[in-house]
Amino acid sequence: MATLHCLGLPRIGPKRELKFALERYWRAEDSAAKLEQQAFEIRQYNWQLQKSFDFVSVGDFSLYDQVLDMSQLLGNLPKRAIKENSSDLDNYFRAARGRSASDSACNCSHAAEMTKWFDTNYHYIVPEFSNETDFKLNSKKLIKQISEAQALGNSVKAVIIGPLSYLWLGKSKDASNKLDLLERLLPLYRALLDDIANSGVEWVQIDEPALVCNLDEQWQQAYERAYHYLQHKKLKLLLSTYFGELKENLKLACQLPVAGLHIDAVRARSELNKIIDWLPNYKVLSLGVIDGRNIWKSDLSSLIELLKPLHSKLGDRLWLSHSCSLLHVPVDLESESPSKLDIYHWLAFAKQKIEELSILGRALNEGISSVEDELQHNRACIEQRQSSSQVHKDEVKKAVAAINPSLGERQHSFERRSKLQQEKLKLPAYPTTSIGSFPQTTTIRAARRAFKNGELKQAEYEEAMKQEIRDCISKQEKLGLDVLVHGEAERNDMVEYFGEQLQGFAFTQLAWVQSYGSRCVKPPILFGDVQRKKAISIDWTCYAQAQTLRPMKGMLTGPVTILNWSFVRDDQPRKDSCLQIALAIREEVLDLEKAGVNIIQIDEAALREGLPLRQEQWQEYLAWAVESYRICANGVKDETQIHTHMCYSEFNDILPSIAHMDADVITIECSRSDMELLDAFEQFAYPNAIGPGVYDIHSPNIPSVDAVVKLIRKAENYIQPERLWLNPDCGLKTRQWDEVLPALENMVKASKQLRKEASNKGSRTAELKLF
Ligand code: GLN
Ligand code: ZN
């Protein structure tokens, strides 16, 4: 019998219940008990979904982030987040987001750094390490969840992050080698396994996704050491890897002394035969055959063909699952209405992917005839998608075939362009701007909702948005910002908004996916060849420009980000999809320029996260990603200033590619990592202008004037002052006006102070830019 199990499920809840519960708790409207109750209900819902499987997973749930849970479980929350007399829950939230419900505003940042979980759009809270790190086991929460699940009659498989991946994901705050901490960590893992065993659990899924990354010998040896040490008399460990091929770690993964191995059989399909050969025959092999990273229905008939011989060979040793946790797909397709979503029948979300797995299980365990109807329906859907005329458009394929590199070239160098731009824009030194969005107030959201539901007529909706734009501009003028934005009130989400207006994308009503903490995104689904049907942002941007004499920045989302934040086609290479989007956005860029917009920002927030996990594949990705950006952005005249924005980008290895994008100004995340990000700029002289973020928009804290000045002074170690801009880390849509106003006020004051100091010194910056 093939065993069925699930690596993990979304925890946000089918209607984002967790998001709302968290936010009520943070606003001190709900008690901790109420929040815990909601969390319990979601876990219960998830266990219910897995009831036809051999186990339910416990430990995949998290109130904010599973890595942060692991940090708390290991007693490794940053010390600055822990307050005396504060509950574990509040310490946890303080580490996650700078403050918890019981805190009043303060200006010290307790929050830890956040970064992308492997190559996904999920952000985890980065564990911090130093020589002094002193772990302390606190397994209460996990053990309690295990008993909860057992009390409901479930057979439990516990899920934890393995010690090496935990170290891999963290960051050493001093110069110490994080691997040295392994010896300190292992006794805690052993004690944790004891606790789990004592709660009556037999299997532990120990996640080691780091095994799909490039590991040097030191790390490989550490794996050997750790898993020899962690052998357990009572417990069986299922070592789970996902997100890619194991490559040079394959032998290691097969041979570690554990009871089973899970592999991502979608992305590492090519390694299957080798693994079957190399896996010792006492071990279970769990195959993640259903894609946990995308939303397409699986072709079940061909999977059964693949699995039948493997099942005969492996018998009971064969386990079936999804490629990875289903955290990365929406909860339930049934929340969508088939009449509003043409491609409904081509899709499967988490709940449907669980059903697909149980169909596969039945086909193998009880024979194909037991699932004949299900297979027939599945085949019909797959065939309909393959032959749909909605998917293939000849003129788009021709336009992509006709692309030549000159489409991506600016007319002249940055030196020349920047002079022409400065003549036109007359910006002061240390110019201030924002990243695009301003607080999305309840009024804005209500108006958008009413318009969507048909309660607000087009003209009324437009008037409401214009009101917001006027208001946002007048606030920016009062603040004294130099380059203004319209505020993006009309945009629900920077990718969904563009996806909705491009042909080839479908969008959903409730298909939310967690991005970090309580924040979710609703990625569009790229299903067919892409075309711009009509101008997208021109009217709003021109309206905004007409309200002010200051320069207005047009805001667009770039092709790589649209691609990386969408669910994409699995029937053509990502590169082809990206070039199609690039051509569509290029039309928008050129139309904005024609309409008299002198500054255009093209956000490539997600460029870095598209990097393959394996470094040897980076160049290939960067080549087409940067080319797509260049094609989209660089068709403008010298006088038009192009900005790009990137969040959470670590630049070290990709700076030459970023420079090759040739944006006039790049704004980047920086403040939370204390300008550390700029280290990369020491090795590589970035040629154009930069706005390192000086305001951490993921925290409610307000930076002081002094803090901003200090950050910029630090940045000046790497970047010539005349090339520096002041701006927040990212868009402000998730913040409140009463936080944003004082924060930006301080940012503007800081820029004035910097200008003054520069002019006192008679520096080149002042001469160049103080008119
Ligand atoms: N322009 C977008 C905004 O301000 C950028 C968001 C992002 O980078 N994630 O919201
Ligand atoms: Zn950003």
4.5 Å side-chain heavy-atom contact, Ile290 and Leu360: yes

Thr241 vs Glu208, side chain to side chain donor-acceptor pair (under 3.5 Å): CA-CA, chis, key distance, verdict: CA-CA 5 Å; Thr241 70; Glu208 286 287 5; over 6 Å; no

Do Val67 and Pro127 come within less than 4.5 Å of each other through their side chains, counting heavy atoms only? yes

Heavy atoms only: give me the nearest Ile602-Thr557 pair and the separation to one decimal. CG2-C, 4.2 Å

On the 0 to 90° scale, with breaks at 30° and 60°, tag the Tyr122-Trp117 ring pair as parallel, tilted or perpendicular. perpendicular

Does atom NZ of Lys575 have more than 12 heavy-atom neighbours, drawn from other residues, nucleotides or ligands, at distances under 6.0 Å? no

Can a donor-acceptor pair be found, under 3.5 Å and without considering hydrogens, that links the side chain of Asp60 to the backbone of Leu9? yes

Among residues at least two apart in sequence or on other chains, which ones pass ring-ring contact (aromatic ring centres under 6.0 Å, His included) with Trp319? His5, Phe55, Trp203

CG/Leu7 to OG/Ser57 distance, rounded to the nearest 0.5 angstrom? 7.0 Å

Could you tell me how the ring of His123 sits relative to the ring of Tyr516: parallel (under 30°), tilted (30 to 60°) or perpendicular (over 60°)? perpendicular

Closer than 3.5 angstrom, by distance alone: can the side chain of Glu336 be matched with the main-chain N or O of Gln509 as a donor-acceptor pair? yes

Let's go through Asp576 and Gln572 carefully: what are the C-alpha distance in whole Å and the side-chain angles of both, what is the deciding distance for side chain to side chain donor-acceptor pair (under 3.5 Å) to 0.1 Å, and is it a yes or a no? CA-CA 7 Å; Asp576 294 0; Gln572 73 178 19; 5.4 Å; no

Please report, to 0.1 Å, the donor-acceptor pairs under 3.5 Å made by any side chain of residues 348-358, with sequence neighbours excluded.
| unit_1 | atom_1 | unit_2 | atom_2 | d |
| --- | --- | --- | --- | --- |
| Lys351 | NZ | Glu334 | OE1 | 3.3 |
| Gln352 | OE1 | Leu333 | N | 3.0 |
| Gln352 | OE1 | Phe349 | N | 3.2 |
| Gln352 | NE2 | Asp332 | OD1 | 2.8 |
| Lys353 | NZ | Asp291 | O | 2.7 |
| Lys353 | NZ | Asn294 | O | 2.7 |
| Glu356 | OE1 | Ser298 | OG | 2.8 |
| Glu356 | OE2 | Ser298 | N | 2.9 |
| Ser358 | OG | Glu355 | O | 3.1 |

Going by ring-ring contact (aromatic ring centres under 6.0 Å, His included), name the residues that satisfy it together with Trp624, two or more places apart in sequence or in a different chain. Tyr621

Show every donor-acceptor pair shorter than 3.5 Å between a side-chain atom in residues 12-20 and any protein atom, with sequence neighbours excluded, or say none if there are none.
| unit_1 | atom_1 | unit_2 | atom_2 | d |
| --- | --- | --- | --- | --- |
| Glu17 | OE1 | Lys15 | N | 2.8 |
| Glu17 | OE2 | Lys15 | N | 3.3 |
| Lys19 | NZ | Glu23 | OE2 | 3.2 |
| Lys19 | NZ | Ser518 | O | 3.2 |

Min side-chain heavy-atom separation Ile435-Gln601 under 4.5 Å: yes

Only counting residues at least two apart or in another chain, list the ones meeting ring-ring contact (aromatic ring centres under 6.0 Å, His included) with His643. Trp725

Set out, in order, the CA-CA distance, both residues' side-chain angles and the distance that settles side chain to side chain donor-acceptor pair (under 3.5 Å) for Gln501 and Tyr497, then state yes or no. CA-CA 7 Å; Gln501 310 203 45; Tyr497 180 74; 3.2 Å; yes

Hey, is NZ on Lys274 packed in by over 12 heavy atoms from elsewhere, all under 6.0 Å? no

Which residues share a ring-ring contact (aromatic ring centres under 6.0 Å, His included) with Phe93, sequence neighbours left out: Tyr25, Trp26

Tightest non-hydrogen contact, residues Leu4 and Gly361, listed as CD2-CA, 3.9 Å

Paired with His328, the ring pair (Phe, Tyr, Trp, His ring centres under 6.0 Å) test is passed by just one of Phe243, Phe118, Phe567, namely Phe243

Do you see a donor-acceptor pair shorter than 3.5 Å between the side chains of Asn249 and Tyr223? no

Could you tell me whether Arg267 sits above the aromatic face of Tyr242, with NZ or CZ closer than 6.0 angstrom to the six-membered ring centre and within 45 degrees of the axis? no

With side chains defined as the heavy atoms from C-beta onward, is the minimum distance between Glu271 and Ile263 less than 4.5 Å? no

Could Arg569 and Asp529 be called an ion pair, given the rule that one side-chain N must be under 4.0 Å from one carboxylate O? yes

Option from Asp603, Thr667, Ile658 for which side-chain contact (heavy atoms from CB on, under 4.5 Å) with Met646 holds: Ile658

Tell me whether the guanidinium CZ or amine NZ of Lys157 lies under 6.0 angstrom from the six-membered ring centre of Phe53 and within 45° of its axis. no

Residue that, paired with Arg614, satisfies salt bridge (Lys or Arg N to Asp or Glu O under 4.0 Å) out of Glu245, Glu620, Glu248: Glu248

Salt bridge check: are Glu488 and Lys733 linked by an N-O gap of less than 4.0 Å? no

Would you sort out whether Tyr124 and Ser71 count as a side chain to side chain donor-acceptor pair (under 3.5 Å), showing the intermediate values? CA-CA 11 Å; Tyr124 72 93; Ser71 289; over 6 Å; no

Does the side chain of Asp493 come within less than 4.5 Å of Lys522's, by heavy atoms? no

Check this for me, if you would: do Asp65 and Arg97 make a salt bridge, where the nitrogen-to-carboxylate-oxygen distance has to be below 4.0 angstrom? no

Do the side chain of Gln440 and the main chain of Arg491 share a donor and acceptor less than 3.5 angstrom apart? yes

